[in-house]
Amino acid sequence: NAGVTQTPKFQVLKTGQSMTLQCAQDMNHNSMYWYRQDPGMGLRLIYYSASEGTTDKGEVPNGYNVSRLNKREFSLRLESAAPSQTSVYFCASARTGSGTEAFFGQGTRLTVV
Amino acid sequence: SQQGEEDPQALSIQEGENATMNCSYKTSINNLQWYRQNSGRGLVHLILIRSNEREKHSGRLRVTLDTSKKSSSLLITASRAADTASYFCATDAYNDYKLSFGAGTTVTVRA
């Protein structure tokens, strides 16, 4: 089983460029999440989707948009990348949003120059 | 600001020793989980404890939860070099599907 798959693994963007980070899970999970991880900051929640058709803001949503395309896929879009968005991005999924373990992808390392 | 705060930020121990780390959180929770992250990898779930539980064990892991103090501890007994990793607590609240993480504790186990 692939679990949670993120693409791409690495990306370098110029300031102002846009891109979409893709995430897909094959575990039939209802909830999906996008986090960013910066040194010393742990994981900060950007957006989450409790179930197909719903999305909600997390702690740090500014500069990002998301789409829950279907139950499997949850994408994160940077419309106009800024150096402050240089980070490692993780996608995760869980059977439900409360009381079930989350499974993580391997991360996308994004550098904005 | 983040829901969870781990303490200490970093911990270095000798193989065979026990490692203890703590997590404090700010608002009432439904569940608390602990995750491990090896360098450059995604997070892996270790253990979940519900708000009505006080202690839970899984292999060499022991987790306690004190909801009156809004804190949890993770004990790893008889540590091994393979336990070298960062450890994070994560919480969710009633009727809220957000899963919020702390900043983590980095554990180094010396051979």
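Please read all numbers here as calculations on a predicted model, not as lab measurements. Letters A, B, ... are given to chains in the order of the sequence lines, protein chains preceding strands, and every chain is numbered from 1.
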Of the non-hydrogen atoms in A:Leu45 and B:Lys98, which two are nearest, and what is the gap between them? CD2-CG, 3.6 Å

Residue B:Arg50 versus chain A: region with a heavy atom under 4.5 Å: side chain

Is there a path from B:Leu61 to B:Trp34 through hydrophobic residues (I, L, V, M, F, W, Y) whose side chains come within less than 4.5 Å of each other? yes

B:Arg41 atom CZ: more than 12 heavy-atom contacts under 6.0 Å: no

Part of A:Gln6 within contact of chain B (heavy atom distance under 4.5 Å): neither

Do you know which two heavy atoms are closest between A:Gln37 and B:Phe88, and how far apart they sit? NE2-CZ, 3.5 Å

Would one find more than 12 heavy atoms of other residues, nucleotides or ligands at under 6.0 Å from atom CZ of B:Arg80? no

Is it true that A:Phe74 and A:Leu78 fall in one hydrophobic cluster, defined by side-chain heavy atoms closer than 4.5 Å? yes

Of the backbone (N, CA, C, O) and the side chain (C-beta and beyond), which part of B:Glu6 lies under 4.5 Å from a heavy atom of chain A, both, or neither? neither

Give, as side chain, backbone, both or neither, the part of A:Tyr35 having an atom under 4.5 angstrom from any heavy atom of chain B. side chain

Checking heavy atoms, do the side chain of B:Leu48, its backbone, both or neither come under 4.5 Å from chain A? side chain

Is a donor on one side and an acceptor on the other found under 3.5 Å between the side chain of B:Tyr35 and the backbone of A:Ala102? yes

Would a single hydrophobic cluster contain both A:Val112 and A:Ile46, if residues Ile, Leu, Val, Met, Phe, Trp and Tyr are joined by side-chain heavy-atom contacts under 4.5 Å? yes

Please name the pair of heavy atoms, one in B:Gln33 and one in A:Glu101, separated by the smallest distance, quoted to 0.1 Å. OE1-CA, 3.5 Å

Do you reckon A:Trp34 sits in the same ILVMFWY cluster as A:Met41, going by side-chain contacts under 4.5 Å, direct or chained? no

Is the CD atom of B:Glu53 crowded by more than 12 outside heavy atoms at less than 6.0 Å? yes

